[in-house]
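To start, the structure under review is shown below, and the notes come after it.
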Amino acid sequence: MAVTEVTDTTFDEMVLRSERPVLVDYWAEWCSPCKQFEPILDELSYAYGDRMDFVKLDTDDNQVTPTNYAVKGLPTVHFFVDGELVQSLQGARTKATITRAIEEYV
C-alpha cells in the first residue's frame with residue numbers, strides 16, 4: 001500500500017475516523033531527515049498496509065493539525081488508534097524503531 005497524503009481538511013475523516021490504526025508522518029519539503037525517512041515509510045506501508053493506514057501531512061501547507069497536536073519539530077510520527085493519539089516519535093528514527101512501534105498497534 002502506498003502512503004496517502006492527508007490535509008487539515010481530510011485529517012478528521014482519514015485519521016480520527018479510521019477503523020484501523022493510523023501512522024501519521026508530519027513532514028516538510030525543506031526537511032532533510034524527512035526526505036531520508038520517506039523510503040522507510042514507503043517500505044513499511046507495503047509491509048503493514050493491510051493492517052494499518054499510513055498517511056503524511058505537509059506541515060507547510062497544513063498548519064492547523066500540527067498545531068493542534070503540538071508538533072514541535074520534524075520529522076514527527078504519530079500513531080492514532082480509534083481516533084486517539086497513542087504515541088508520538090519526534091526526530092529521525094530508524095526503521096527498527098518505527099517497526100517496533102507499529103507492532104504495538106497492529
Side-chain angles (χ1 to χ4, degrees):
M1 311 256 342
V3 179
T4 305
E5 291 280 341
V6 68
T7 66
D8 288 337
T9 305
T10 61
F11 191 85
D12 183 66
E13 179 184 342
M14 294 179 67
V15 177
L16 302 181
R17 294 184 192 179
S18 178
E19 295 181 4
R20 302 186 331 159
V22 183
L23 180 155
V24 180
D25 173 33
Y26 298 88
W27 71 284
E29 186 64 38
W30 50 263
C31 172
S32 294
C34 298
K35 291 179 182 180
Q36 293 170 349
F37 180 62
E38 189 172 4
I40 294 170
L41 186 64
D42 287 340
E43 185 178 331
L44 291 171
S45 75
Y46 283 100
Y48 292 95
D50 59 334
R51 297 177 277 166
M52 172 180 262
D53 293 332
F54 290 78
V55 300
K56 57 192 290 179
L57 186 137
D58 183 337
T59 59
D60 286 338
D61 294 338
N62 303 278
Q63 297 179 5
V64 173
T65 302
T67 300
N68 289 346
Y69 287 97
V71 174
K72 304 283 187 210
L74 299 179
T76 293
V77 173
H78 282 170
F79 292 89
F80 287 84
V81 176
D82 296 326
E84 297 293 323
L85 175 61
V86 295
Q87 186 172 2
S88 177
L89 300 172
Q90 186 175 351
R93 300 295 177 124
T94 65
K95 180 181 173 185
T97 300
I98 301 296
T99 300
R100 280 193 298 275
I102 290 170
E103 289 288 338
E104 290 185 43
Y105 306 111
V106 293

task = Could you check if a side-chain atom of P66 sits within less than 4.5 angstrom of a side-chain atom of D8, using non-hydrogen atoms only?
result = yes
inquiry  = Rounded to the nearest 0.5 Å, what separates atom CD in E43 from atom OG1 in T99?
reply    = 8.0 Å
inquiry  = Minimum heavy-atom separation for P75 and P33, please, with both atom names.
reply    = CD-CB, 3.7 Å
query = What is the distance from atom CG of D82 to atom CZ of R17, rounded to the nearest 0.5 Å?
reply = 14.5 Å
query = Pairs in or reaching into residues 47-67: which pass ring pair (Phe, Tyr, Trp, His ring centres under 6.0 Å), with residues at least two apart or in two chains?
reply = none
Linked, directly or transitively: V106 and L41 (ILVMFWY side chains, under 4.5 Å) = yes
request  = Enter the distance from L74:CG to S32:OG here, rounded to the nearest 0.5 Å.
outcome  = 11.5 Å
ask   = Just wondering, do V71 and H78 contact through their side chains at under 4.5 Å, heavy atoms?
value = yes
note = A28 and C34 have their tightest heavy-atom pair at N-SG, 4.0 Å
remark   = With sequence neighbours left out, the residues meeting side-chain hydrogen bond (donor to acceptor under 3.5 Å, both in side chains) with S18 are D53
Spacing of OG1 belonging to T94 relative to CD1 belonging to I40, to within rounding of 0.5 Å = 7.5 Å
request  = Give the intermediate values and the outcome of side-chain contact (heavy atoms from CB on, under 4.5 Å) for residues T76 and L89.
outcome  = CA-CA 6 Å; T76 293; L89 300 172; over 6 Å; no
ask   = Cluster question for you: counting only ILVMFWY and a side-chain heavy-atom cut-off of under 4.5 Å, with indirect links fine, are V81 and L85 together?
value = no
ask   = Which residues pass the side-chain hydrogen bond (donor to acceptor under 3.5 Å, both in side chains) test with D60, sequence neighbours left out?
value = W30
inquiry  = Check whether T67 reaches the backbone of Q63 with its side chain - one donor and one acceptor, N or O, closer than 3.5 Å.
reply    = yes
remark   = Q36 and P39 have their tightest heavy-atom pair at O-CD, 3.3 Å
Residue that, paired with F80, satisfies side chain to side chain contact (heavy atoms under 4.5 Å, CB included) out of L16, V86, L23 = L16
key: Shortest non-hydrogen contact between Q87 and A101, atoms and distance   = OE1-CB, 3.8 Å
Side-chain (T59) to main-chain (W27) donor-acceptor, under 3.5 angstrom = yes
Donor-acceptor under 3.5 Å (N62 side chain, L57 main chain) = no
task = Hey, can you tell me if F11 and Y26 have their rings parallel, tilted or perpendicular (30° and 60° cut-offs)?
result = tilted
ask   = Say you draw a straight line from OG of S88 to CZ of F79; how long is it, rounded to the nearest 0.5 Å?
value = 9.5 Å
inquiry  = I need the minimum non-hydrogen distance between F37 and R93, along with the two atoms involved.
reply    = CD1-O, 4.4 Å
task = Please tell me if the side chains of V55 and V15 come closer than 4.5 Å, counting only heavy atoms from C-beta onward.
result = yes
inquiry  = So does V77 get a backbone contact from the side chain of D25, meaning a donor-acceptor N/O pair under 3.5 Å?
reply    = no
message = Could you report the tightest heavy-atom contact between M14 and V22, atom names first, then the distance?
response = O-CG2, 4.1 Å
E13 atom CD, neighbour heavy-atom count above 12 within 6.0 Å = no
ask   = Is the number of heavy atoms from other residues, nucleotides or ligands under 6.0 Å of D12 CG greater than 12?
value = yes
ask   = Is a donor on one side and an acceptor on the other found under 3.5 Å between the side chain of R20 and the backbone of M52?
value = yes
query = Is there side-chain contact between K56 and V24, with at least one heavy-atom pair below 4.5 Å?
reply = no
